[in-house]
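Remarks on the structure that follows.
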There are 2 protein chains.
Amino acid sequence: MPNQDQAESGRTKATIVDVAVAAGTSTATVSRVLSGSNYPVSSETRKRIIEAVKKVGYTPNLLGKMLKTNTNASIGIIIPTFQNPFFVQIIQGISERATSRGYAPLAFSSQRNPILERNLIEQLLQKRIMGMMVASIDDSPKTIQHYILRGGKVCVFESNFEDFNSYILAKTDMLESGRIAMNYLLSMGHRNIAIITTPLRKQTRAQTLMGCRMALQAQNLDFSDEDIIIARYEKELEDGLFEFEIGKEMVRELLNRKKKYTAVLAVNDLIACGIVNGLKLHGIAVPNEISVIGLDDIPLASMITPALTTVHMPSYVLGQKACQMMIDALEKDEQTAGISLSIQPKLVIRDSVIKIS
Amino acid sequence: MPNQDQAESGRTKATIVDVAVAAGTSTATVSRVLSGSNYPVSSETRKRIIEAVKKVGYTPNLLGKMLKTNTNASIGIIIPTFQNPFFVQIIQGISERATSRGYAPLAFSSQRNPILERNLIEQLLQKRIMGMMVASIDDSPKTIQHYILRGGKVCVFESNFEDFNSYILAKTDMLESGRIAMNYLLSMGHRNIAIITTPLRKQTRAQTLMGCRMALQAQNLDFSDEDIIIARYEKELEDGLFEFEIGKEMVRELLNRKKKYTAVLAVNDLIACGIVNGLKLHGIAVPNEISVIGLDDIPLASMITPALTTVHMPSYVLGQKACQMMIDALEKDEQTAGISLSIQPKLVIRDSVIKIS
DNA sequence: ATGAAAGCGCTAACAC
DNA sequence: GTGTTAGCGCTTTCAT
């Protein structure tokens, strides 16, 4: 005998059977009404079912549905940390699109921990979530390959391994943004420019540098490896804002160089803000004594003084577009292979770069 | 005939049946091995099963398990935005604890949208996720009550409705922190203090003010309603950092007042940082001409110049502890009613408050 | 237009 | 120590 008295007690979960009984129909009909199928059901019956749902206090069990239909309308999102606004923006873009298309965006942080990242991916597989959008910090592509082998569709925003041809690539165009930033410094008369970066393991870093180089070469300028100041960081501060600290620390390094720089280009805004902060601490005026340009355009950039001149990465839009491609891949079983997505970065002029003679 | 050739193709999903066949055992035995039950299985058989798993390329289907056992070892987390570091910290704390206890933390942003918040809660219910930790922006407690009625356990970090007695309350002690902040300003010799706040609808705001009042009264000082400057905000900027903008705008308001203030207390750091920024724009030196104190201790606080003096809210620890209580509630079916959790805030002295004569 | 019934992949009695 | 089997709640043929 099916449960009664549930709407009130709420203890036992009502099932589709209870609804059927209360409505005096079969479970099949209930399912047809509730799952929004376009199967014909008399409006009479339909009404009775709607009422029965309320009467018995029914909440659909998605697990049953997923198991039966072998579909999980969710998209997994894995980023290194929620503390980095850049990733948060991407999530926002993804979520907006996913939600409006009927998918549930599930966001996870790997905490910059490869083991955790792998676990998360395995979890997705076990929950039969077959779409994943990831900014990976794993050195090995093995887990992602495994995910794909098991039938998952993947979109990659960032990776440390060499990209292969089985997923949607949605990286920001670091080459172009490096070029734009360097170009701007040159146009403002700077010739002695230091580049401050985290280690080059990440491809993105190498690309940014390449972009800088292109800008310089276009002006027939040379480019000394000495001008690249690389942070060696072992410690990853827990609070996720370690890149700000790195920037702050790199100022000492910068000032120790024999060469006198008029401008510095940082590979991301968090580092750039740290640099601005560190320079102030050393009593050096930005931009009057030294100009600073960043890359990313995170909210923080406009919140410090002087407001940071930087290159805007359209991460929100990138997330949106990438998500759309993911959904297409999921629904039409389209190939993700070889697809890559990129959006033009844009210079944002604020107050941290000054024109020199 | 069960699928063969799956490890290679990965097309059809292997099931427990396939494993059983490959291992020459029954599904029951397979389940006993894989689900980590302590049911006795000969190490011989066990080994064969482990091998079979690899051979057929088996990935457990959690949906089947959840449906069968009627358990979903996940904890839903709903916050207004990922852009606010305060919430992100809470998530971090929750995640750490949840993960180490075998629960999957599922974080969602309601985007400060009550409708979305309600949908998310309904989603949790439908996925049979019976634990939810939420910073609610809904004016009505109806959805949360519904969730509880359906058997869900709830922990609330923030709410706009009047708290009722059926969930774990884990709010930061705004009264105490208001008191601490005001106390500090008084101890630094300030007597003309403006309080800048967003509208008082939120209880937290009222509590902060109450704390300020307590500090003042303890010194037999009076407290004029004029000193409270309330932002009226309709527009919620998309980027989630609208509170910074509010702070910035409120500076005009502040300077228009006839009374000359030596210090301002902002109800959170984002606003405080906006105020510092706005003051600079007006050419007013912080802290020399006017001191500013915030509440929260978000990372940004130490990244602006002058670094913001504020009151640290132990949000990470709060998340941890609250999550532990949630797990207890879930596992031991303990009552959540009437439990409330609070952690002592702590003054963080940096550079934005100066001692005056 | 409606219903009966067969599973989706898993676990847990219950039997041996 | 191992196997058989009955469902968990749902969708979906296939009948009617």
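Letters A, B, ... are given to chains in the order of the sequence lines, protein chains preceding strands, and every chain is numbered from 1. On a predicted model such as this, the values are computed, not experimentally measured, just so you know.
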Distance, rounded to the nearest Å, where [X] contributes [atom1] and [N] contributes [atom2]:
X: A/Glu44; N: C/dT2; atom1: CD; atom2: C1'; result: 13 Å
X: B/Leu62; N: C/dC8; atom1: CG; atom2: P; result: 19 Å
X: B/Gln126; N: D/dC10; atom1: CD; atom2: C1'; result: 13 Å
X: A/Asn38; N: D/dT11; atom1: CG; atom2: P; result: 14 Å
X: B/Lys65; N: D/dG9; atom1: NZ; atom2: P; result: 18 Å
X: B/Asn61; N: D/dC8; atom1: CG; atom2: C1'; result: 13 Å
X: B/Ile49; N: D/dT2; atom1: CD1; atom2: C1'; result: 10 Å
X: A/Arg48; N: C/dA1; atom1: CZ; atom2: P; result: 14 Å

Among [options], the nucleotide that comes nearest once only the side chain of [X] is considered:
X: B/Thr29; options: D/dT2, D/dT12, C/dG9; value: D/dT2
X: B/Thr69; options: C/dG9, C/dA5, C/dT11; value: C/dT11
X: B/Ser26; options: D/dG3, D/dC10, C/dG9; value: D/dG3
X: A/Leu67; options: C/dA5, C/dC10, C/dC8; value: C/dC8
X: B/Lys68; options: C/dG3, D/dT11, D/dG7; value: D/dG7

Look at all strands and tell whether [X] reaches a base, only sugar-phosphate, or nothing, counting heavy atoms closer than 4.0 Å.
X: B/Thr45; value: sugar-phosphate
X: A/Asn70; value: nothing
X: B/Ser42; value: sugar-phosphate
X: A/Ser37; value: nothing

Take atom NZ of B/Lys321 as the centre, draw a 6.0 Å sphere, and report whether it contains more than 12 heavy atoms from other residues, nucleotides or ligands. no

A/Lys13 with A/Asp18: basic N within carboxylate O range, under 4.0 Å: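 Here A/Lys13 does not pair with A/Asp18 in a salt bridge, since their nearest N and O are not under 4.0 Å apart.
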
Taking 4.0 angstrom as the limit, do A/Lys47 and A/Glu51 come out as a salt bridge? no

First of A/Gly64 and A/Gly24 reached from the 5' end of DNA chain C, by closest nucleotide: A/Gly24

Evaluate the side chain to side chain contact (heavy atoms under 4.5 Å, CB included) criterion for residues B/Arg128 and B/Met66: first the C-alpha distance (whole Å), next the side-chain angles of each, then the deciding distance (0.1 Å), finally the verdict. CA-CA 9 Å; B/Arg128 297 300 187 266; B/Met66 288 171 173; over 6 Å; no

So, under a plain 3.5 Å distance rule, would you say the side chain of [X] forms a donor-acceptor pair with the base of [N]?
X: B/Arg32; N: D/dG3; answer: yes
X: A/Tyr39; N: C/dT2; answer: yes
X: A/Arg128; N: C/dG9; answer: no

Is A/Thr15 close enough to D/dG9 that one of its side-chain N or O atoms is under 4.0 Å from OP1 or OP2 there? no

Quiz question: by atom type and distance under 3.5 Å, do the side chains of B/Glu117 and B/Ser136 form a donor-acceptor pair?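 Present: a donor and an acceptor within the cut-off.
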
If we ignore angles and hydrogens, is there a donor and acceptor under 3.5 Å between the side chains of B/Glu96 and B/Gln92? no

Could you say whether B/Val41 or A/Ala28 is positioned toward the 5' end of DNA chain D, judged by the nucleotide with the nearest heavy atom to each?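 Counting from the 5' end, the first nearest nucleotide belongs to B/Val41.
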
